[in-house]
Amino acid sequence: MDFALTEEQSMLRDSLRRYVEKEYAFEARRQLIEQAGGFRRAHWNAYAEMGWLGIGLPEASGGFGGDLSDSAILLEEFGRGLVVEPYAASHIQASRLLLHSGDARAAELIEALIAGSTLYAVAHNEPGARGRSLWVETRAAATGGGSRISGTKTQVLAAPSADRFLVSARSEQGLSLFLIDRDTPGMSLREYRLVDGSQAADLSFDQLLLPESALLGAAGKADSAIDLAISAATIACCAEMVGAMEQALWITRDYLRTRKQFGVAIGSFQALQHRMADMYIALEQARSMLYRGLAYAEDGDAIRRRGAVSASKAQVGRSAQYIAAQAVQLHGGIGLTNEYCIGHYFKRLLVLEAAYGSSAYHVGVVAQQLRDAA
Amino acid sequence: MDLRFTDEENAFREEVRSFIRENLPKPVHAKMLEHRALSKDEVVSWQRILNARGWATPSWPAAWGGPGWTAVQRYIFLDELHQFPAPEPVSFNVSMIGPVIGTFGSDEQKARLLPRIANLDDWWCQGFSEPGAGSDLAALSTSAIRHGDHYVVNGTKMWQGMGHRADWMFTLVRTDPAAKKQAGISFLLIDMKSPGLSVQPIITIDGRHEVNSVFLDNVRVPVAQRVYLENKGWDVAKFLLGNERTGIARIGMSKYLIRRAKQIAAQVQDGDRTLAEDAGFRRRCAEIEVELKALEITQMRVLAAMGEHAEKPDPRSSILKIKGVELRQAASELLLRAAGPLALAAEGEYDPPNPEDAPADTEWGSTIAPVYFILRAASIYGGATEVQKNILAQAVLGLPK
């Protein structure tokens, strides 16, 4: 095993860090959320220009090769800087859906995604899913050549800004994916912001008529693409969480070294030192499970992959909840103010912990696998 | 970054596993499965089987007569022993005094002692703690006063694990009472047969005899039995304690405890079904197993960052000690939960008179509570959890001392 970054990976990390520190400084980020609705297309275009939308994608489609561990470097930096644009959902998950769709147009579509000219939102999550990766109640029915779909998708990240939607729906043949343009008549969007300032929407379809060309890949054969895309996005989300919780830990450490009470730096108190030690252990355990998840996220054996992804999200989520809450606690009153950064880490981590299934859900998956194996 | 075991590493794991399967004496395996105590002969003969294969000293480089394994190989080897379960080589010998002699010993000490340590020709125990020096080890007061080519040693040492079986004790003594705490300490090797040395058993809450007190009453120790420089013993002690931390995650041991808990849960009745069907029980298994998987990678990361045979331990190895023990304790709680009332009979009360006999289904219970009891010690010895947290907070996180 080798845990060291390559020289190229270190350079990538450094340039990401510089960009994020500049573009997502506290005040700039506040404006992005309050004035730009939590998504700036200019940022997305900048990612494309920097080549960040080609990371981990095949060279044949204009990508830079590599794999998800390269993307994880980007996501850690995005997590560290509280970037609100949803790279894991709009980029990792969407690109994998296209990549694994088996559709003849996939290479061309991925090229446009890498160029930043098409921004996708993945409309898969439904109110009853709560983390279940293949839970789809949206119905698709064939109608001479095309399809009609009906149902509701919830918390579709980046939906208010997206050009196109990748929508999952179930027919008698099984799960299918549809490619739907934003301006398709008959589709309704209810837009809102999440507690971390990121943007989302609920989508509803009532007998929405789609042409044959909207079908991505073969009808009823999308299970595997959806599952693989969610595995990759879940581990990407873990990377973002590790970046965020690491930064929250060091911000808290710096605060303990400077904040004085009773005439001394509060970081000299053993009760607080031990809390910091526990947070550090939680962080390292989370980082280990991120690495383990990266080793399995694109494994072809679905049972093994799901088990590993769930174990990773379970650990990372639990560590994140602990670190975020204790980071606020150790800051005392200032940790509760909207004008200070730590509360924003707390909120961002809350949203990421819930994304792709909470840690409570994923512990349940691991427990179920134990039962199946017995 | 490469995050999976290589084909060679997987093949090595298979090689270790088949060696254990073919060479571990059956009665020893039966006792290990049941968490029963082993006799001295059983421990010695197993270590000699490993030594004949060149595997008794997993952490030693080839220059000391060790296998010269990588950190990953060392981990795999111990993991296989713990999971089988088979006894690990006596840690006082191979993880503690061996590396000390190899690193700080004179050429004469290396040539004479290392082969005997490896083969368990001499069984070693540790003479560090004292009644007044536990976590504050440097407060030790056992004195060694030099008379020509001898030290005369007086004092009391505590918690000598298997001290009643030991031939030799490595110990910290105060050679300069005027110096500041850590500065006046030396590292001595003491023959347990020395006149004036006596051993007294301490029976722990598991009802077993593993630890002892050692009394030193004008014990004469040749100066040649000092390791490293006079008054520089603290450097040796820090090195040794750092090694102790790194090896101590013992993930395979937790894996075996969980395996046994699951086996029991699948047998015992819990209302109208087996305990294995209980969602709460399975969920707790899952929680511990997730943390263990994480710790497995954390251990690899710490070992990879430390480099091979580093003299200075990485302070992050405290994570392995804290979390490894926490999970072993959690796994023993799961085992206790699985056994339920069957764990409550005192050891020996319910067991067959001959411990060599395979126990019947209802009799395994009485060796479970002792495991649970004695694991409480694991968060106290080798640097208590609280001491490890101080190390992390100060040496890793840079909080004020």
Side-chain angles (χ1 to χ4, degrees), chain A residues 1-6 9 69-70 72-73 249-250 252-254 256-257 264-270 272-281 284-296 308 310-312 314-316 318-319 359-360 362-371 374, chain B residues 1-6 9 70-72 75 258 262-263 265-266 274 276-305 316 318-320 322-323 326-327 385-386 388-394 396-401:
Chain A
M1 289 191 197
D2 174 14
F3 301 99
L5 296 185
T6 63
Q9 288 175 325
S69 55
D70 298 300
I73 292 167
L249 178 130
W250 290 112
T252 307
R253 191 285 305 260
D254 289 346
L256 294 192
R257 290 213 289 201
V264 293
I266 60 173
S268 63
F269 299 139
Q270 197 176 38
L272 306 196
Q273 291 196 352
H274 284 192
R275 192 79 52 79
M276 283 296 297
D278 288 334
M279 290 160 69
Y280 179 69
I281 294 170
E284 293 303 320
Q285 288 284 84
R287 179 174 289 285
S288 291
M289 281 312 251
L290 164 63
Y291 291 168
R292 189 174 184 278
L294 285 169
Y296 289 97
S310 283
S312 291
Q315 176 69 57
V316 172
R318 286 159 68 101
S319 290
S359 49
H362 285 289
V363 169
V365 173
V366 176
Q368 186 60 40
Q369 282 206 347
L370 292 178
R371 188 188 187 197
Chain B
M1 225 184 288
D2 179 13
L3 303 160
R4 296 212 200 193
F5 290 116
T6 63
E9 285 160 351
T70 62
V72 173
Y75 168 74
I258 294 173
K262 284 186 194 165
Q263 281 165 358
T274 67
E277 290 295 307
D278 180 69
F281 182 82
R282 284 205 309 267
R283 196 173 174 89
R284 186 67 192 129
C285 284
E287 285 170 353
I288 300 172
E289 291 196 357
V290 165
E291 286 259 25
L292 277 174
K293 286 182 206 303
L295 189 62
E296 208 162 12
I297 307 288
T298 303
Q299 167 137 350
M300 297 296 176
R301 291 171 51 216
V302 170
L303 292 177
R316 289 181 302 171
S318 291
I319 298 174
L320 307 179
I322 296 170
K323 204 75 200 179
E326 184 187 307
L327 292 175
T385 293
E386 290 71 19
Q388 306 294 349
K389 287 184 183 176
N390 291 346
I391 293 172
L392 287 177
Q394 292 162 13
V396 179
L397 298 175
L399 290 168
K401 279 203 171 50

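Here is the naming used below: chain letters follow the sequence lines, and residue numbers restart at 1 for every chain. All values reported here derive from a predicted model rather than from experimental measurement.
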Check: Are any of the side-chain heavy atoms of A:Arg371 and B:Glu277 separated by less than 4.5 Å?
Finding: yes
Margin query: Less than 4.5 Å to any heavy atom of chain A: does that hold for the side chain of B:Arg284, its backbone, both, or neither?
Written below: neither
Item checked: Partner chain B: residue of A:Met289, A:Arg257, A:Arg318, A:Gln285 with the largest heavy-atom pair count (under 4.5 Å) -> A:Gln285
Note to self: I need the residue from B:Gly398, B:Cys285, B:Ala279, B:Ala266 with the largest number of non-hydrogen atom pairs under 4.5 Å to chain A.
What the structure shows: B:Gly398
Item checked: Separation between CD of A:Glu284 and CG of B:Leu295, rounded to the nearest 0.5 Å -> 11.5 Å
Next item on the list: Taking all non-hydrogen atoms of both residues into account, name the closest pair between B:Arg282 and A:Leu370 and its distance.
Entry: O-CD1, 4.0 Å
Check: Tell me, side chain or backbone of B:Lys323 under 4.5 Å from chain A's heavy atoms, or both, or neither?
Finding: side chain
Next item on the list: Considering only heavy atoms and a distance below 4.5 Å, find which of A:Ser268, A:Ser288, A:Ala277 pairs most often with chain B.
Entry: A:Ser288
Margin query: Within the structure provided, determine whether A:Val366 and B:Arg283 are in side-chain contact (heavy-atom separation under 4.5 Å).
Written below: no
Item checked: From A:Arg253 atom CZ to B:Leu399 atom CG, the distance as rounded to the nearest 0.5 Å -> 7.0 Å
Notebook entry, point to check: Quick one: are A:Tyr291 and B:Arg301 in side-chain contact, heavy atoms under 4.5 Å?
Noted result: yes
Item checked: Spacing of CG belonging to A:Asp278 relative to CG belonging to B:Leu392, to within rounding of 0.5 Å -> 9.0 Å
Margin query: At a heavy-atom distance under 4.5 Å, which candidate from A:Gln368, A:Arg292, A:Met276, A:His362 has the highest pair count against chain B?
Written below: A:Arg292
Next item on the list: Select one option (side chain, backbone, both, neither) describing which atoms of A:Ala72 are under 4.5 Å from chain B's heavy atoms.
Entry: neither
Note to self: If I measure from the heavy atoms of chain B, does A:Leu249 come under 4.5 Å with its side chain, its backbone, both, or neither?
What the structure shows: side chain
Margin query: Any non-hydrogen side-chain atom of A:Ile281 less than 4.5 Å from a side-chain atom of B:Thr298?
Written below: no
Note to self: For A:Arg275, give me all partners under salt bridge (charged side-chain N to carboxylate O under 4.0 Å, His left out), at least two apart in sequence or on another chain.
What the structure shows: none
Checklist line | side chain to side chain donor-acceptor pair (under 3.5 Å) partner of A:Gln273, the single match among B:Gln394, B:Lys401, B:Glu386 | finding: B:Gln394
Notebook entry, point to check: In terms of heavy-atom proximity below 4.5 Å to chain A, should B:Glu291 be classed as side chain, backbone, both, or neither?
Noted result: both
Next item on the list: Pick one of side chain, backbone, both or neither for A:Tyr296, based on which atoms fall under 4.5 Å of a heavy atom in chain B.
Entry: both
Next item on the list: Please name the pair of heavy atoms, one in B:Ile297 and one in A:Phe3, separated by the smallest distance, quoted to 0.1 Å.
Entry: CG2-CE2, 4.0 Å
Next item on the list: Quick one: closest heavy-atom pair of A:Trp250 and B:Leu397, and the distance?
Entry: CH2-CD2, 3.6 Å
Checklist line | Listed partners of A:Ala286 passing side chain to side chain contact (heavy atoms under 4.5 Å, CB included), at least two apart | finding: A:Val242, A:Met245, A:Val316, A:Ser319
